[in-house]
Amino acid sequence: MEELRFYNTFTRRKEPFKPIIADEVRMYTCGPTVHDFAHLGNYRAYIFEDILRRTLKFFGYSVIQVMNLTDVDDKTIRKSRERGVTLQEYTREYTESFFEDLDALRIERAEFYPEATKHIPEMVELIEKLIANGHTYETDGSIYFRISSFPAYGRLANVKLDDLRSGVRVDSDEYEKEDVRDFALWKSWTPDDGDVFWDTSIGKGRPGWHIECSAMSTKYLGEHFDIHSGGVDNIFPHHENEIAQSLCGYGGDFVNVWMHNAHLMVNSEKMSKSLNNFFKLKEVTSTGISPRAVRYFLLSAHYRQPLNLVYDPDNNITDSFDAASGALDRIDEFRTKLAELQKQGEDSGEAGDDILDIIDKARSSFKGALGNDLDISGALGALFGMIKDVNRLLDEAQVTAVDAVALDDLLMDWDRVLGVIRPEERGEIDVERIEALIEERKQARQAKDFARSDEIRDLLASEGIIIQDTPGGVRWRKK
RNA sequence: GGCGGCGUAGCCAAGUGGACUAAGGCGGAGGUCUGCAAAAUCUCUAUUCACCGGUUCGAAUCCGGUCGCCGCCUCCA
């Protein structure tokens with residue numbers, strides 16, 4: 001097995017990756033709070049996690065991935081009450097939409113999607129442990145974690161307790177705390193919560209923000225597991241607090257490698273709900289931009305690098321997605337040529353030496369790049385470099401049907417990680433009608449009736465069907 | 001104020017001490033193909049890596065400083 005190295009936020013270094021159990025990786029990836037539709041910035045994180053998961057499998061590991069669904073928090077409670085529906089009714093729509101988007105973006109399903117509301121007993125059990133271990137205190141029925149009881153607090157985020165700003169927090173939801181830096185494990189019921197509460201051994205109320213991740217990761221992955229990931233904004237306080245809860249509750253080891261993705265930017269500003277500069281996936285795809293291009297764009301930069309989206313639909317600026325579509329067209333065109341070769345030639349025998357050299361070189365540089373902390377740009381460089389090398393040979397008619405099979409196998413192998421090489425499904429296009437029109441155009445061209453020929457081309461173009469005349473015949477594709 | 005990150009061609013983005021005379025994509029220029037197009041394809045497109053010093057035989061890559069940008073410290077992927 002080749003070496004795989006990841007940057008670990010905890011040590012701030014790239015380290016060789018070694019799972020706790022040989023050949024099996026257990027990872028916990030922070031998921032959405034289902035209080036609204038997820039936006040592209042959120043999906044950058046899930047695509048990073050998807051690439052991570054696929055890369056682990058590509059390197060031969062089996063993967064057990066957990067992604068939490070936060071379906072109870074201040075926002076979900078407030079908004080469901082505003083809408084006058086139950087919490088479950090409210091969150092269901094966003095959960096369903098989330099999974100639709102995952103499919104559209106070809107994000108592989110995790111093994112578990114635990115919902116916070118279905119794991120209250122596990123959370124209560126952990127809080128009881130924390131109480132027993134002397135890390136908590138109670139005020140008005142709410143239970144808080146006392147940060148001063150955990151000397152290692154702040155190690156992940158590299159913050160010193162004294163440097164944390166004191167007294168800044170003026171959140172009306174916060175109850176009485178000894179120290180503003182302490183955080184809630186359990187929030188006692190208030191009238192604003194309506195019928196959202198659980199009657200438990202630690203009181204009537206609901207869980208704090210951080211406890212679900214500690215409790216659910218332990219349930220599905222054990223107390224000690226390999227990778228925990230999320231956006232950089234979760235380093236502090238969320239992941240810092242998880243570490244405090246898990247170590248103080250369970251003891252022993254918690255997470256080996258912490259991985260965090262940088263943000264998606266819009267014109268050099270973080271994409272976020274509060275800045276109101278966010279785009280939902282369906283908003284973007286409804287304008288004709290393919291989800292595949294969105295996926296390509298979101299995965300095209302290294303995950304720890306901020307990625308800037310150049311997109312302003314109101315002013316018809318779609319640069320980022322245009323670039324992605326252009327790159328995908330190049331791949332599609334290349335595969336079309338390979339397919340044509342395979343139809344024409346003998347498919348027995350061995351691939352040529354030139355091709356085998358190109359494949360070997362590309363294969364090793366692709367895998368080497370991914371192994372180097374998911375250097376996706378290096379991997380895409382290997383992909384397009386290979387296409388360029390082979391195109392040169394194609395131009396000289398030096399590529400055989402057997403070569404084409406080997407090359408397409410390589411692409412399909414890579415697509416296990418990238419998930420962008422397979423083209424979009426053609427959907428509800430009337431293929432028969434289009435091909436009949438193309439045949440009619442062919443006849444017209446043979447009869448030098450170019451007026452009719454161009455008329456057909458324009459008609460199809462108006463339906464988003466692009467016609468291309470090539471030496472090997474007419475090709476068409478959906479724009 | 002504390003912590004962290006970034007600044008590479010018109011744009012996006014790799015490379016983090018030596019084969020860099022700096023990947024790859026978009027855009028641009030020219031050629032091929034074409035009835036004309038479009039698409040595709042080929043070739044070209046940074047003597048240089050924000051700026052100034054330093055370390056080194058050698059730096060985009062390490063160190064120090066300057067300028068600019070961004071994120072976290074409060075819900076956030």
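Numbered from 1 within each chain, the chains take letters A, B, ... in sequence-line order. Computation of the quantities below employed the complete heavy-atom set of this structure, encompassing side-chain atoms and omitting hydrogens, waters and symmetry-equivalent molecules. Everything numeric here is computed off the predicted structure, so don't read it as measured data.
Within 4.0 Å (heavy atoms only), A:Asn42 reaches at least one base atom of the nucleic acid. Here A:Lys270 lies in heavy-atom contact (under 4.0 Å) with a base. Across all strands shown, A:Leu264 has heavy atoms under 4.0 Å from base atoms, whether or not it also approaches the sugar-phosphate. Looking at heavy-atom distances under 4.0 Å, A:Asp375 makes contact with sugar-phosphate atoms alone, never a base. Among the heavy atoms of the strands lying under 4.0 Å from A:Gly41 is at least one base atom, whether or not backbone atoms are also near. Using a 4.0 Å heavy-atom distance criterion, A:Met271 is classed as a base contact. When heavy atoms are screened at a 4.0 angstrom cut-off, A:Ala369 is found touching no nucleic acid atom at all. The residue A:Asn158 sits close only to the backbone: its heavy atoms come under 4.0 Å of sugar-phosphate atoms, none of a base. Contacts of A:Tyr46 with the nucleic acid, taken as non-hydrogen atoms under 4.0 Å apart, involve only primed sugar atoms and P, OP1 or OP2. Residue-level contact check: A:Arg457 touches the bases, meaning some heavy atom is under 4.0 Å from a base atom. When heavy atoms are screened at a 4.0 angstrom cut-off, A:His238 is found touching no nucleic acid atom at all.
Listed nucleotides B:A77, B:G35, B:G71 differ in distance to A:Thr33; the shortest reach to its side chain belongs to B:A77. Taking every side-chain heavy atom of A:Asp395 into account, B:U41 is the closest of B:U43, B:G35, B:U41. Considering only the side chain of A:Glu333, B:A40 comes nearest among B:C70, B:A40, B:C36. Side-chain atoms of A:His302 lie closest to B:A14 of the nucleotides B:A40, B:C36, B:A14. Of the candidate nucleotides B:C42, B:G35, B:A37, B:G35 has the atom nearest to the side chain of A:Ser453. The listed nucleotides are B:A13, B:C72, B:C36; the one nearest the side chain of A:Asp469 is B:C36. Side-chain proximity of A:Arg445 to B:G35, B:A13, B:C73: nearest is B:G35.
The P atoms of B:A60 and B:U47 are separated by 14 Å, rounded to the nearest whole Å. If you take atom C1' in B:A13 and the same atom in B:A38, they sit 29 Å apart, rounded to whole Å. Separation of the C1' atoms belonging to B:G15 and B:A22 is 8 Å when rounded to the nearest angstrom. Straight-line distance between the P atoms of B:U61 and B:G18: roughly 12 Å, to the nearest whole Å. Using atom C1' as the reference point in both B:C44 and B:C3, the two lie 46 Å apart (nearest Å). Rounded to whole Å, the separation between the C1' atoms of B:C52 and B:A39 comes to 49 Å. Rounded to a whole angstrom, the distance from the C1' atom of B:U45 to that of B:C6 is 26 Å. Taking atom C1' in both B:A9 and B:G27, the straight-line distance is 11 Å, to the nearest Å.
Stacking between A:Phe450 and B:G35 is shown: the ring centroid lies under 5.5 Å from the centre of the six-membered base ring, and the planes differ by under 30°.
Remark: B:U41 base-pairs with B:G31; criterion is Watson-Crick or G-U wobble with both hydrogen-bond distances under 3.5 Å. B:U47 makes up no base pair with any nucleotide shown, lacking Watson-Crick or G-U wobble contacts both under 3.5 Å. Pairing of B:C67, defined by two Watson-Crick or G-U wobble distances under 3.5 Å, is identified with B:G7. Pairing partner, B:A19: none, since no Watson-Crick or wobble contact has both distances short of 3.5 Å. Base pairing of B:A60 is not made with any nucleotide, judged by Watson-Crick or G-U wobble geometry with both donor-acceptor distances under 3.5 Å.
Every pair passing salt bridge (Lys or Arg N to Asp or Glu O under 4.0 Å) that includes a residue from residues 388-398 of chain A is listed here, sequence neighbours excluded: A:Lys361-A:Asp389, A:Asp389-A:Arg392. Within the structure, salt bridge (Lys or Arg N to Asp or Glu O under 4.0 Å) pairs that include any residue of residues 93-105 of chain A comprise A:Arg83-A:Glu93, A:Glu100-A:Lys282, A:Asp101-A:Lys282, A:Asp103-A:Arg109 (at least two apart or interchain). Within the structure, the salt bridge (Lys or Arg N to Asp or Glu O under 4.0 Å) test picks out the following pairs touching residues 289-310 of chain A (sequence neighbours left out): A:Asp50-A:Arg295, A:Arg292-A:Asp332, A:Arg304-A:Asp373.
Nearest heavy-atom pair, A:Lys273 versus A:Phe278, reported as atom, atom and distance to 0.1 Å: CA-CD2, 3.7 Å.
Taking the six-membered ring where the residue is Trp, the centroids of A:Phe17 and A:Phe59 are separated by 6.0 Å or more. In this structure, A:Tyr220 has its ring center closer than 6.0 angstrom to the ring center of A:His119. The six-membered or imidazole ring of A:Tyr144 lies away from that of A:Phe183, with a centre-to-centre distance of 6.0 Å or more. A distance below 6.0 Å separates the ring centres of A:Phe225 and A:Phe254.
A:Glu212 and A:Asn68 share a side-chain donor-acceptor pair at under 3.5 Å.
In this entry the distance linking CE of A:Met27 with C1' of B:A77 reads 14 Å, nearest Å.
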Report, one pair per line, the protein and nucleotides 24-26 of chain B atoms (nitrogen or oxygen only) whose separation is under 3.5 Å.
{"from": "B:G25", "atom 1": "OP1", "to": "A:Arg330", "atom 2": "NE", "distance (Å)": "3.4"}
{"from": "B:G25", "atom 1": "OP1", "to": "A:Arg330", "atom 2": "NH2", "distance (Å)": "3.4"}

Under 3.5 Å, N/O pairs linking protein and nucleotides 5-10 of chain B:
none

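Listed by chain and residue number, A:Phe366 satisfy the ring-ring contact (aromatic ring centres under 6.0 Å, His included) test with A:Trp414 (two or more places apart in sequence, or in another chain).
Along RNA chain B, the nucleotide nearest to A:His35 and the one nearest to A:Val310 differ in position, and the one closer to the 5' end is contacted by A:Val310. RNA chain B is contacted by both A:Asn308 and A:Ile387; A:Asn308 maps to the nucleotide lying nearer its 5′ end (nearest heavy atom per residue).
Crowding of A:Arg416 atom CZ: a count of heavy atoms from other residues, nucleotides or ligands under 6.0 Å exceeding 12. Dense packing is recorded around CZ of A:Arg12, with more than 12 heavy atoms of other residues, nucleotides or ligands lying under 6.0 Å away.
One finds a side-chain N or O of A:Asn391 lying less than 4.0 angstrom from the OP1 or OP2 phosphate oxygen of B:C42.
Cation-pi geometry between A:Lys79 and A:Tyr90 is not met at under 6.0 angstrom from the ring centre and within 45 degrees of the axis.
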